[in-house]
Amino acid sequence: MDLSATLAGVHFANCVMNAAGALCVTRDELEALGRSRSGAIVTKSMTPAFRDGNPSPRYHSFPGGSINSMGLPNLGSPTYAVLIPGLRQFGKPVMASIAGLEPADFLDVAHVITEVRPDLIEVNLSCPNIPGKPQIGYDVEASRSLLQRLNGVITVPMGVKLPPYFDPAHHEAMADMLREIGVAFVSVINSVGNGLVVDPERECTVIKPKGGFGGLGGSMIKPVALANVRAFWKLFDGRVPIIGTGGIVSGMDVFEHGLCGASAVQIGTVLVDEGVGVFERLERELGEVLARKGYRSFAECRGRLREL
Ligand code: RRO
């Protein structure tokens, strides 16, 4: 079964890769992704300098999914610029996720990372966990201004990682702006920001930062993720490739993202829960689903969701 994907001119032997943030901060983690069946090596979102992130506990997984408030812990872009050339030995695309607390941070990181030419750059407009810093992706004009400036610096395919939107007017406004900018791909969704998980026995929050508020991931967010994949697929008429992220636990979940319009997918919570062996399981399960349904490739099912 052909589970490959081509996106912004970049070929992925496997359409399933890690989501930025999941097991991709350190050199060891990035190299483990390189050795795994992940279709790409996606880095943790990086800032101009090393960050410890928020105080622990800051990640909690439970049967329905996960909540996190990591707070952008990362090695800093100069260190990733040294690591990225070495990651090429694994023969798969390297995607650098870039972030910042201010627009100037994104530009600084973009300058440093463009120099080492990752295959793609994903601009993270949607970190929900920095106290006092709203998600840029919820402000169309701030996003436009930042992306215009980054377009002048980044010379590899540039995509955006967006937060979930819950209203068609918001999908339309964002899609109009992204069409004008000419992004190479759209990655949806980041975690569902500022949820609250409670431990009723201990009568407390399960994570420490921000009074227990954090980004939700895992199976409980799948319908929100699918809605965002589908909304952008329709608004772009299938002409801007979409990476679907959110709620993938099984090969069938990957198939659902494909039906809604995803060209490739990323996994977060399930990767943290199971480790890099999960890529092999998902590959096997997706291959079985596609074969049973008479498809010859993952690409063939893309966007084919029937509307009743
Ligand atoms: O580091 C984080 O707290 C974090 C980031 Br940058 C992000 O984009 N999404 C998320 O759920 N956590």
Side-chain angles (χ1 to χ4, degrees), residues 17-26 29-30 42-62 64-77 79-80 95-103 105-106 108-110 113 121-139 142-143 146 159-165 186-197 205-222 224-225 228 243-248 266-273:
M17 67 193 90
N18 70 294
L23 301 189
C24 59
V25 176
T26 64
E29 288 174 335
L30 292 164
V42 184
T43 72
K44 171 68 184 171
S45 294
M46 60 188 82
T47 52
F50 172 90
R51 282 175 60 86
D52 248 340
N54 291 338
S56 293
R58 58 192 189 177
Y59 184 90
H60 176 83
S61 135
F62 54 101
S66 68
I67 182 167
N68 88 84
S69 184
M70 306 303 289
L72 262 170
N74 76 99
L75 304 179
S77 53
T79 301
Y80 291 109
M95 185 183 304
S97 171
I98 71 170
L101 305 194
E102 308 292 339
D105 291 350
F106 284 84
D108 180 324
V109 174
I113 288 301
I121 288 181
E122 187 180 82
V123 180
N124 186 355
L125 299 178
S126 45
C127 176
N129 299 329
I130 307 297
K133 298 284 177 191
Q135 292 162 81
I136 304 165
Y138 284 138
D139 181 336
S143 298
L146 176 61
V160 286
K161 176 80 167 271
L162 300 176
Y165 301 99
V186 168
S187 206
V188 277
I189 56 176
N190 206 320
S191 56
V192 174
N194 297 292
L196 181 61
V197 174
T205 62
V206 298
I207 56 171
K208 182 180 174 79
K210 284 179 70 178
F213 287 64
L216 305 174
S219 53
M220 68 184 167
I221 73 163
K222 187 175 71 172
V224 177
N228 278 269
I243 302 180
T245 310
I248 292 172
Q266 296 179 343
I267 56 172
T269 302
V270 76
L271 172 56
V272 175
D273 280 348

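A quick note: this is a predicted structure, and the numbers were derived from the prediction, not measured. Each ligand, and each atom within it, is numbered from 1 in the order the structure gives.
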Practice prompt. Start with the C-alpha distance between M70 and I207, add both sets of side-chain angles, then the distance that settles side chain to side chain contact (heavy atoms under 4.5 Å, CB included), and finish with yes or no.
Written response: CA-CA 10 Å; M70 306 303 289; I207 56 171; over 6 Å; no
Fill in: Audit row: S69, N54, side-chain hydrogen bond (donor to acceptor under 3.5 Å, both in side chains) steps and yes/no
CA-CA 7 Å; S69 184; N54 291 338; 3.1 Å; yes
Step-by-step side-chain hydrogen bond (donor to acceptor under 3.5 Å, both in side chains) determination, N194 to K210: CA-CA 9 Å; N194 297 292; K210 284 179 70 178; 2.9 Å; yes
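Numbered from 1 in the order shown, with element, the atoms of ligand 1 that lie under 4.0 Å from a heavy atom of N68 read 2 (C), 3 (O), 4 (C), 10 (C), 11 (O), 12 (N). Residue contact check: L72 has heavy atoms under 4.0 Å from atoms 1 (O), 2 (C), 3 (O), 6 (Br) of ligand 1. With ligand atoms numbered from 1 in the order given, ligand 1 contributes 7 (C), 9 (N), 10 (C) to contacts under 4.0 Å with heavy atoms of P128. The G71 neighbourhood of ligand 1 comprises atoms 1 (O), 2 (C), 3 (O), with distances under 4.0 Å to a heavy atom of that residue.
Expressed to the nearest 0.5 Å, how far NE2 of H60 lies from OG of S66 amounts to 9.5 Å. Rounding to the nearest 0.5 Å gives a distance of 14.0 Å between CD1 of I243 and CD1 of I189. Atom OG1 in T26 sits 12.0 Å away from atom CG in N74 (nearest 0.5 Å).
On a distance-only criterion, S69 and ligand 1 share no N/O pair closer than 3.5 Å. Annotation: N124 places an N or O atom under 3.5 Å from an N or O atom of ligand 1; distance criterion only. At least one N or O atom of M70 sits closer than 3.5 Å to an N or O atom of ligand 1. For ligand 1, the polar-atom distance check finds no N/O of G215 at less than 3.5 Å from any of the ligand's N/O atoms.
Protein heavy atom in closest approach to atom 5 (C) of ligand 1: C127 SG, 3.4 Å. The shortest contact between atom 9 (N) of ligand 1 and any protein heavy atom is with N190 OD1, 2.8 Å.
For the 3.5 Å distance criterion, the side chains of T47 and D105 fail to qualify, holding no donor opposite an acceptor.
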Would you give me the side-chain donor-acceptor pairs under 3.5 Å for residues 122-133, sequence neighbours excluded?
from, atom 1, to, atom 2, distance (Å)
E122, OE2, S187, OG, 2.9
E122, OE2, Q266, NE2, 3.3
N124, OD1, S126, N, 2.9
N124, OD1, S126, OG, 3.0
N124, OD1, N190, ND2, 3.3
N124, ND2, S45, OG, 3.0
S126, OG, K161, O, 2.9
S126, OG, N190, ND2, 2.9
N129, ND2, N68, O, 3.2
N129, ND2, N68, OD1, 3.0
K133, NZ, E102, OE2, 2.6

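At least one heavy atom of K44 sits closer than 4.0 Å to an atom of ligand 1.
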